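Comments concern the structure below.
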Protein chains: 2
Amino acid sequence: MKTPRDVPTPLLESLKSLGLTKYEALVYIGLLRTAGATATEVHEISGVPRASVYPVLDRLVQKELVSVSHTAPKRFDAVPPDQGIENLMRRIESDAESAREALEAFYREKDLEDRGDQELIWTIYGEENIRTRLAGMFKSAERSVELLATGDLLQRSVLLLLDPVPDSVRVEIVTERWSGERPSRFHLHLLPLAALCETPILAEKLLPYERSGVFLVDDTRALLWMEGADGQPSALYSESAGLARFVRRHIATVMEWAKAAVQ
Amino acid sequence: MKTPRDVPTPLLESLKSLGLTKYEALVYIGLLRTAGATATEVHEISGVPRASVYPVLDRLVQKELVSVSHTAPKRFDAVPPDQGIENLMRRIESDAESAREALEAFYREKDLEDRGDQELIWTIYGEENIRTRLAGMFKSAERSVELLATGDLLQRSVLLLLDPVPDSVRVEIVTERWSGERPSRFHLHLLPLAALCETPILAEKLLPYERSGVFLVDDTRALLWMEGADGQPSALYSESAGLARFVRRHIATVMEWAKAAVQ
DNA sequence: TAAATGTTGTTGCTAACATAACAACAAGGT
DNA sequence: ACCTTGTTGTTATGTTAGCAACAACATTTA
């Protein structure tokens, strides 16, 4: 008889988020390591109380994770993990799809009055969310786009989003580093590293070597990309006239410095 | 102010299986229909008690489903459902992937002694699971493969699985209907419908018009594909010598009838 | 003062967890 | 036969944890 060998907690958590309970996870894992076990063997292997094993096995069969034999006593076998997880994901994805449709219906009713939006400052968490917001800003650009960001962030996460910007819009890019050829479509301003080193305080404050940046569209919509101490990216977005003016001035100042330092 | 308008229960269930609680779902849905709501507005729109709204919103921000403004009082906005669901699914899929890897590790330790397997009869639920089992049977075929199934089931779910069967293996197919050209690789036996109609009892019992079938490989491994009254497919699988012999005889008998009826 | 915001603590509820005990049945030994 | 011994499947019962629901409080804003 095998020992109940303790199961790593993160695995249990992962299985929980796939819709299994702790017992279901333990029993399934136990069954994966044996072939055709009886209920009592399942109990011994998984460490789950024998009385609880029966309802748990019922649920697992229902979820298409184990199969039952027709002998007496019944014997149980686990579906290979590959396919078992696919079975679970199929349900979840179908739920996700139907939820998405229902939610879109609600979403379309949304008041588009865009009420106080102009004066609010929003925080956005997660790189994905920030990138979508940025993409939306760029797509709606009508007059100008200005970027001030670390080269890493720019070329890895932002540059591709600039494609939808119409040719008529002037795009100014300020950064401290640029690898590869300089794009002809945009006005690129390189911050001379020498100048930065002379005033290390500024270097630290303006372009810290974590991924960060400031983005301004049409002088009205601004986004500040920051990276929390934990490395999780977050951002501020606003259509506030005050913040827009502040950002505008900030970028302009840095560009002036850059120009002055070159001379 | 909008009415709390009741939310369809299935939607709540779907969102629960994506890892949201009831309150989280209600608040998110409520936020989808407004722009920049305060905590109390969220309470009014969603019907969630005002005191509970705060922790719930915290969790939703954590899950990247809503963004917060930096005003006082705070205002909240929902990310579009499209992207919100994608955010949820990203987490789940990453969990699924790590779980799959960990489970495969356990699975590989499995005793392959294949102990009593030979005399057991297993039930398999779910079309996907049945098809994988069938595929496994076909792939391991060394001498013979025999199929007796309704044409619908055969051509829609089974035929593709026959590809891996080596050419040296004799494949006998018995069915009541075949659309399209007859495959040259297999020995196809068509049950004359006329003969079936003359003995309606047999027609009912042998080939009921639900999807069902009998499969035998190497005269040793048999699978019975049935369809429950609820339309959910299930199957019996066995390597029992007794069942295999029974199935062998059953298929042979039907083939004899077919031959006799043609004359 | 009044109204709204944000927070805290208490209580109830439900699903899952955990243990104990029971009837039914099959060896196996006296 | 009888009585043990052990296993299977089921039922009842108690416990815990997380969420749901409500009341109360300090704080701000008008």
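Side chains are part of it too, since the values below use all heavy atoms of this structure and drop only hydrogens, waters and symmetry mates. Reminder, nothing fancy here: chain letters follow the sequence lines and each chain counts from 1. Owing to the predicted nature of the structure, the values given are computational and were not obtained by experimental measurement.
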Results of side chain to side chain contact (heavy atoms under 4.5 Å, CB included) for B:A99 - residues two or more places apart only: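 Residues passing side chain to side chain contact (heavy atoms under 4.5 Å, CB included) with B:A99: A:L11, A:S14, A:L15, A:I85.
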
Neighbour count >12 (heavy atoms, 6.0 Å) for atom CZ, B:R90: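 For B:R90, atom CZ is crowded (more than 12 foreign heavy atoms under 6.0 Å).
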
Flag if over 12 foreign heavy atoms under 6.0 Å of CZ, A:F246: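 No - once you tally the heavy atoms of other residues, nucleotides and ligands closer than 6.0 Å, there are 12 at most.
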
Of residues 14-25 of chain A, the positions that come close to DNA chain C - non-hydrogen atoms, cut-off under 4.0 Å: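 Hits under 4.0 Å, by residue number: A:T21, A:K22, A:Y23.
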
Main-chain N/O of B:V79 paired to B:Y28 side chain as donor or acceptor, under 3.5 Å: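 Checking the backbone N and O of B:V79 against the side chain of B:Y28, a donor-acceptor pair under 3.5 Å is found.
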
Side chain A:E104, main chain A:E101, donor-acceptor under 3.5 Å: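 Side chain of A:E104 to backbone of A:E101, a donor-acceptor pair under 3.5 Å: no, none is there.
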
Aromatic plane relationship, B:F215 with B:W225 - under 30° parallel, 30 to 60° tilted, over 60° perpendicular: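 The rings of B:W225 and B:F215 sit tilted, inter-plane angle from 30° to 60°.
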
Approximate separation, where rounding is to 0.5 Å, of B:Y237 OH and B:I130 CD1: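 Answer for the OH-CD1 pair, B:Y237 versus B:I130, is 13.5 Å.
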
Approximate separation, where rounding is to 0.5 Å, of A:Q62 CD and A:L57 CG: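 If I round to the nearest 0.5 Å, the distance is 13.0 Å.
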
Would you mind reading off the distance between [X] atom [atom1] and [N] atom [atom2], rounded to a whole angstrom?
{"X": "B:K74", "N": "C:dA4", "atom1": "NZ", "atom2": "C1'", "value": "16 Å"}
{"X": "B:H43", "N": "C:dT5", "atom1": "NE2", "atom2": "P", "value": "10 Å"}
{"X": "B:Y54", "N": "C:dG9", "atom1": "OH", "atom2": "P", "value": "17 Å"}
{"X": "A:D58", "N": "D:dT11", "atom1": "CG", "atom2": "P", "value": "11 Å"}
{"X": "B:H70", "N": "C:dG6", "atom1": "NE2", "atom2": "P", "value": "13 Å"}
{"X": "A:E13", "N": "D:dA17", "atom1": "CD", "atom2": "P", "value": "14 Å"}

D:dT8 phosphate, OP1 or OP2, under 4.0 Å from A:T38 side-chain N/O: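 A:T38 to D:dT8 OP1/OP2: side-chain N or O found under 4.0 Å.
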
Reading 5' to 3' through nucleotides 22-30 of chain D, protein heavy-atom contacts under 4.0 Å coded B for base, S for sugar-phosphate only, - for none: BB-------

